[in-house]
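Structure record follows, encoded as structure tokens.
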2 protein chains.
Amino acid sequence: MNPDENNFNKQANFTVSVDNVIFSVDTQANRLLVLLVKNFQQLSENIWGLPETFVRQGESLQTASQRILAEKIWVKNLYLEQLYTFDQVNTDLSDLSENSQVNSIHLAVSYFALVRYEDTRLMADQVNSIAWYDLQKLPNLVSGHQPILAYGYQRLHNKLEYSPVAFDVLPELFTLGELYQFYTIVLGENFSDYSNFRSRLLKLGFLRDTHIKVSRGAGRPASLYRFDAIAFDQLKDKPLVFI
Amino acid sequence: MNPDENNFNKQANFTVSVDNVIFSVDTQANRLLVLLVKNFQQLSENIWGLPETFVRQGESLQTASQRILAEKIWVKNLYLEQLYTFDQVNTDLSDLSENSQVNSIHLAVSYFALVRYEDTRLMADQVNSIAWYDLQKLPNLVSGHQPILAYGYQRLHNKLEYSPVAFDVLPELFTLGELYQFYTIVLGENFSDYSNFRSRLLKLGFLRDTHIKVSRGAGRPASLYRFDAIAFDQLKDKPLVFI
DNA sequence: ACAAAAGTGTTGGTGTTACACCCATGG
DNA sequence: CCATGGGTGTAACACCAACACTTTTGT
């Protein structure tokens, strides 16, 4: 509706990359993990970065995000959404000089993903190494990637509080203790009392008790629950609070 | 960190526009307003769109957003933040054909703004007409702009609930009734009981009673309050709830 | 001119619900 | 040892009521 009618000022040229912040929760080791990659060429400097890619012809942003995810890891269950668009990020891309143009602007459209840790298989190749990193023990990051990662973690934090993303990556059957542990790893130890967390979620009415009992080590066997997506959809109008 | 090392697939070419969703609250008429523009050339079809612009050389996204805002309205107080990046939006830009390239992708980086209605002055020019539209009585919109507008309204809704954006656009001195009315216009009639809204906000401790009394027509004079930004900053760690 | 009525701001009360913290019991 | 369920005190909220102060209306 509002084109630059007077073309005194030329449009900028753009290079556009998609950067993924991919989280997973390792419930065995109580770790919140983020996926990082590194060029073998830069092995001397121990600098890692978010998996990213340039957007190709005929490809949407989301498709590019899914493509790089599929190139790096094999995964069955995931949640994916766009985060934010950062401009003028210094990406340290080795071949940026070849692709960059005079007076061009670099946009980094970031995406946030949460994947099921147990089912993922990392796929390294000849050029890049790839690894899960504990969010508590991050290596040096490519310039500009730290803010994207921080933004992604904040989104993860918020999403857990009012949306059912956890059930996208939890096993199909899970105990309430596992669900609580998942939340604890992401949100921190004292995010809520376990007893209240239980009754709050059960009262919402979208967790189905299968009455199957499992024993994880010692202690009383716990009941396995299932997320009922249909029952949840009927609640989607109302404001939901998980914590 | 992860360039397309094999350049079998060419990068896409991009055109990037910035689209603004600019809201204001007309407390006189109890209306929530959004700023729309229209080309005179398209007067016959009554189709309006969000103010938008191409990004120019040497300009950041946020600068582009501020530029188009400054071109359309004069305003003293505002709140501005990025919303979302939509790709492949059909923008109906009249001169898109000139600028578009074969196999190019169009990105619309949207921004959300809230401005003080009383202080704004619309600036029409020879090419575009411009107007505030009641969100309840929207005209036909340019293809692709309705989702952006809906996304912007949702952001406004959420922001009011946990952030002090209202105080960026309210007058410096305001009564609690005016604050309540502001929230009512945006969130709807029954968002909260007035009595609880009062005591909740006063208990948070960042509203200063000036003890100046004003009479708006009939009724008991109300006290004028001031937003204390310093006191608020000291609370920014804690999770704030306004509704 | 005066009194009554009506309108708006301000404050407090009450029942319900959610929560933090704690404890008893079951497997 | 851990899952499960319940119990208690506190805080927040929806709903309601009373009161304070002013303008408007009626006579």
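Bear in mind the structure is a predicted one, so any value in this text is a computation, not a measurement. In what follows, chains carry the letters A, B, and so on, assigned in the order in which the sequence lines appear, proteins first and then strands, with residues in each chain numbered from 1.
- Side-chain to base pairing of B:S223 with C:dG9: no donor and acceptor N or O lie closer than 3.5 Å to each other.
- Distances shorter than 4.0 Å separate some side-chain N or O of B:K203 from OP1 or OP2 on D:dA12.
- Here D:dC15 is the nucleotide among C:dG26, C:dG7, D:dC15 with the atom lying nearest to any side-chain atom of B:S195.
- At the phosphate of C:dA20, OP1 or OP2 sits under 4.0 Å from a side-chain N or O atom of A:N196.
- Atom CZ of A:R220 is separated from atom P of D:dA3 by 10 Å (rounded to the nearest Å).
- If you check the side chains of B:T53 and B:R67, you find a donor sitting under 3.5 Å from an acceptor.
- Between the CG atom of B:L204 and the P atom of D:dA12 there is a distance of 10 Å, rounded to whole Å.
- Mapping B:E178 and A:P221 onto DNA chain C via the closest heavy atom, the residue that lands nearer the 5' end is B:E178.
- A perpendicular orientation is assigned to the rings of B:Y79 and B:F112, their planes being inclined by more than 60° (bins at 30° and 60°).
- When atom types are taken as modelled, the side chain of A:S24 and the backbone of A:V115 share no donor-acceptor pair closer than 3.5 angstrom.
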Check: Would B:Y180 and B:F191 count as a ring-ring contact (aromatic ring centres under 6.0 Å, His included) if you check the C-alpha gap in whole Å, the side-chain angles of each, and the deciding distance to 0.1 Å?
Finding: CA-CA 10 Å; B:Y180 182 70; B:F191 80 97; 5.3 Å; yes

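- For the helix from C:dA1-D:dT27 to C:dG27-D:dC1, the angle separating the two terminal helix axes comes to 20°, with each axis derived from five pairs and the value rounded to 10°.
- Atom CG of A:L202 and atom C1' of D:dG6 are 14 Å apart (whole Å).
- Side-chain atoms of A:A222 lie closest to D:dA3 of the nucleotides D:dA3, D:dC16, C:dT10.
- Applying the 4.0 Å criterion to OP1 and OP2 of C:dT10, one finds that B:R198 has a side-chain N or O inside that range.
- A:N140 contributes no side-chain N or O that, together with a main-chain N or O of A:I47, makes up a donor-acceptor pair within less than 3.5 Å.
- Residue B:S199 is classed as having no contact, given no heavy-atom separation below 4.0 Å to the nucleic acid.
- Remark: C1' of D:dT4 and CG of A:L201 are 15 Å apart, rounded to the nearest angstrom.
- Within 6.0 Å of CG in A:N190 there are 12 or fewer heavy atoms belonging to other residues, nucleotides or ligands.
- Closest to the B:S192 side chain, of the nucleotides C:dA20, D:dA14, D:dT22, is D:dA14.
- In this structure, A:F182 and A:L114 approach most closely via the heavy-atom pair CZ-CD2, 4.3 Å.
- Taking atom CG of residue B:D209 and atom C1' of nucleotide C:dG9, one finds them 12 Å apart after rounding to whole Å.
- Looking at heavy-atom distances under 4.0 Å, B:G217 makes contact with sugar-phosphate atoms alone, never a base.
- OP1 or OP2 of C:dC19 has at least one side-chain nitrogen or oxygen of A:R200 nearer than 4.0 Å.
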Next item on the list: Mind running side-chain hydrogen bond (donor to acceptor under 3.5 Å, both in side chains) on A:S192 and A:R200 for me, showing each step along the way?
Entry: CA-CA 11 Å; A:S192 173; A:R200 197 186 315 121; 3.1 Å; yes

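- Put simply, CD on B:E189 is 14 Å from P on D:dC15, counting in whole angstrom units.
- Rounded to whole Å, atom C1' of C:dC19 lies 13 Å from atom CZ of A:F191.
- At least one donor-acceptor pair under 3.5 Å links the side chain of B:H145 to the backbone N or O of B:L50.
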Can you give me the N/O atom pairs linking the protein to nucleotides 3-6 of chain C at distances under 3.5 Å, or say none if there are none?
none

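- As a whole-Å value, the separation of B:N190 CG from D:dC16 P is 12 Å.
- A donor-acceptor contact shorter than 3.5 Å is absent between the side chain of B:Q82 and the backbone of B:V109.
- Mapping B:D193 and A:V241 onto DNA chain C by nearest heavy atom places B:D193 at the nucleotide closer to the 5' end.
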